[in-house]
Amino acid sequence: MARSDLRLRVLMEPRHGARYDDILALARATENAGFDAFFRSDHLLGVDPADTTYRPTDCWTTLGGLARDTSRVRLGALVGAATFRQPGILATIVASLDEMSGGRAELGLGTGWYEREHAAFGIPFPGTGERFDRLEEQLVIITGLWRTSPFSFDGKHYRIDDNRTPPRTVQDPHPPIIVGGSGPRRTPAIAARYASEFNGALGGDLRERYATFHRACEAIGRDPAEPRLSAVLPVACGATPAEAARRGEIIGSDFIREHAAVGTPAQVVDRIGQLADAGADTVYLHIYDIHDLEHIALLGAEVLPHVARPALTAMPVGRGLRGGAGGGT
């Protein structure tokens with residue numbers, strides 16, 4: 001059964017990278033418009049590797065800045081690349097973000113997929129099977145460090161030796177974890193074991209992906225109704241068809257354009273409703289022109305009130321607070 005508390009979030013995907021001031025302006029516009037959360041992608045290279053104008057920024061560094069420069073929106077990555085960071089370091093980074101934000105951090109984590117990006121920054125890029133193995137070991141370690149002390153782990157790819165000073169999070173037992181993708185086997189199995197939210201990615205049969213994930217939950221004895229279900233929706237909304245078409249021209253590839261909601265607020269609301277009918281209770285509006293703050297204001301004024309209650313206070317997703325303020329397998 002779908003949840004009644006549908007959440008609408010903003011996901012930043014800068015076509016040419018960004019400076020921190022650009023990211024902050026978009027995050028504040030998201031907060032002012034009443035959206036539940038501001039997320040960003042975890043990339044160091046644009047989709048077009050020949051784009052020499054791309055300005056890379058580190059995902060978690062900028063989220064740390066937003067933790068201090070925003071007051072309400074939840075903050076996270078959709079999704080971080082498990083190839084980029086060692087799990088003990090990542091557990092500490094996210095715990096730091098959680099403390100800095102007063103309990104607003106969320107961890108989205110995936111295998112990583114962009115091979116050219118890895119080569120451009122000297123990051124090893126193993127085969128698909130090993131990347132899934134590493135993702136699963138990382139989640140074991142991250143959740144283990146957040147929940148247990150002392151903590152040790154001896155895996156195929158990572159080892160933790162008697163950690164007695166684990167990173168502490170504000171949210172109890174830890175920040176929500178998002179795992180997702182289109183794969184029919186390992187992705188739902190890993191998400192069933194570790195995720196607070198399963199993201200059905202873009203394209204394909206979303207309803208069937210959610211059903212596969214629910215079966216994976218049932219296979220390990222987890223209540224399928226407990227984790228949230230989310231979807232990504234590239235969006236270009238305009239008060240007039242001409243304005244929507246102008247914003248739609250900025251959306252990247254033909255694949256993304258094919259699955260985008262390009263139109264008036266009523267048309268965007270209808271597309272969100274279709275995702276909700278498929279089972280989604282959380283929708284990430286994928287934004288490509290990060291300087292078009294009027295776009296965010298329009299979505300907040302004319303779309304958000306029709307699909308979700310604006311988030312007026314910082315409330316962790318399905319978690320209490322522990323002290324302090326609030327690819328294809």
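Arg134 forms a cation-pi arrangement with Tyr158, by the criterion of a distance under 6.0 Å to the ring centre and an angle within 45° of the ring axis.
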>> Please determine whether salt bridge (Lys or Arg N to Asp or Glu O under 4.0 Å) holds for the pair Arg164 and Asp162, giving the CA-CA distance in whole Å, both sets of side-chain angles, and the decisive distance to 0.1 Å.
In response: CA-CA 6 Å; Arg164 295 175 180 269; Asp162 193 29; 3.0 Å; yes
>> Before you tell me yes or no, could you show the steps for Tyr210 and His214 under ring pair (Phe, Tyr, Trp, His ring centres under 6.0 Å), namely the whole-Å CA-CA distance, both residues' side-chain angles and the distance that decides it to 0.1 Å?
In response: CA-CA 6 Å; Tyr210 292 156; His214 282 164; 7.3 Å; no
> Are Glu243 and Leu298 close enough, and set up right, to give a side chain to side chain contact (heavy atoms under 4.5 Å, CB included), and what steps lead you there?
Replying inline: CA-CA 11 Å; Glu243 185 176 69; Leu298 176 65; 4.1 Å; yes
>> side chain to side chain contact (heavy atoms under 4.5 Å, CB included) for Arg104 and Thr70? Distances and angles first, verdict last.
In response: CA-CA 10 Å; Arg104 292 185 283 137; Thr70 62; 3.0 Å; yes
>> For Tyr288 and His286: C-alpha separation, side-chain torsions, deciding distance, then whether ring pair (Phe, Tyr, Trp, His ring centres under 6.0 Å) applies.
In response: CA-CA 7 Å; Tyr288 289 83; His286 213 181; 4.8 Å; yes
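Residue Arg55 qualifies as open at atom CZ: its count of foreign heavy atoms under 6.0 Å is 12 or below. Heavy-atom neighbours of Arg271 CZ from other residues, nucleotides or ligands within 6.0 Å: above the threshold of 12. Counting non-hydrogen atoms of other residues, nucleotides and ligands closer than 6.0 Å to CD of Gln274 gives a total above 12. By the neighbour-count criterion of 12 heavy atoms within 6.0 Å, atom CD1 of Ile250 is densely surrounded, having more than that number from other residues, nucleotides or ligands.
Using a 30° and 60° split on the angle between ring planes, Phe153 and Phe151 fall in the parallel class, below 30°. Aromatic ring pairs are classed by plane angle as parallel below 30°, tilted from 30° to 60° and perpendicular above 60°; the pair His43 and Tyr114 is perpendicular.
Of the possible polar contacts, one joining the Glu137 side chain to the Lys156 backbone as a donor-acceptor pair under 3.5 Å is found. A donor-acceptor pair under 3.5 Å links the side-chain atoms of Arg131 to the main chain of Pro126, judged by distance alone.
One finds no salt bridge joining Asp36 and Arg72 here, because no Lys/Arg side-chain nitrogen approaches an Asp/Glu carboxylate oxygen to under 4.0 Å.
Side-chain atoms of Arg209 and Thr212 form no donor-acceptor pair, as typed in the model, at a separation below 3.5 Å. Checking Thr53 against His16 by side-chain atom types alone, a donor-acceptor pair falls below 3.5 Å. In the model, Thr143 has no side-chain atom that pairs as donor or acceptor with a side-chain atom of His174 under 3.5 Å.
No chain of hydrophobic side-chain contacts below 4.5 Å, direct or via other Ile, Leu, Val, Met, Phe, Trp or Tyr residues, connects Val79 to Trp113. Criterion: ILVMFWY side-chain heavy atoms under 4.5 Å apart, direct or through other members. Under it, Val283 and Ile287 are part of a common hydrophobic cluster.
The one candidate from Asp69, Thr57, Thr61, Thr62 that meets the side chain to side chain donor-acceptor pair (under 3.5 Å) condition with Tyr20 is Asp69. Here the rule is side chain to side chain donor-acceptor pair (under 3.5 Å) with Arg186, and of Asp133, Thr111, Thr128 only Asp133 fits it. Of the options Arg9, Arg28, Glu31, a side chain to side chain contact (heavy atoms under 4.5 Å, CB included) to Val73 is made by Glu31 and by none of the others.
Considering all non-hydrogen atoms of both residues, Leu293 and Ala29 come closest at CD2-CB, 4.1 Å.
Atoms CZ and CD1, on Phe198 and Ile178 in that order, are 12.0 Å from each other to the nearest 0.5 Å.
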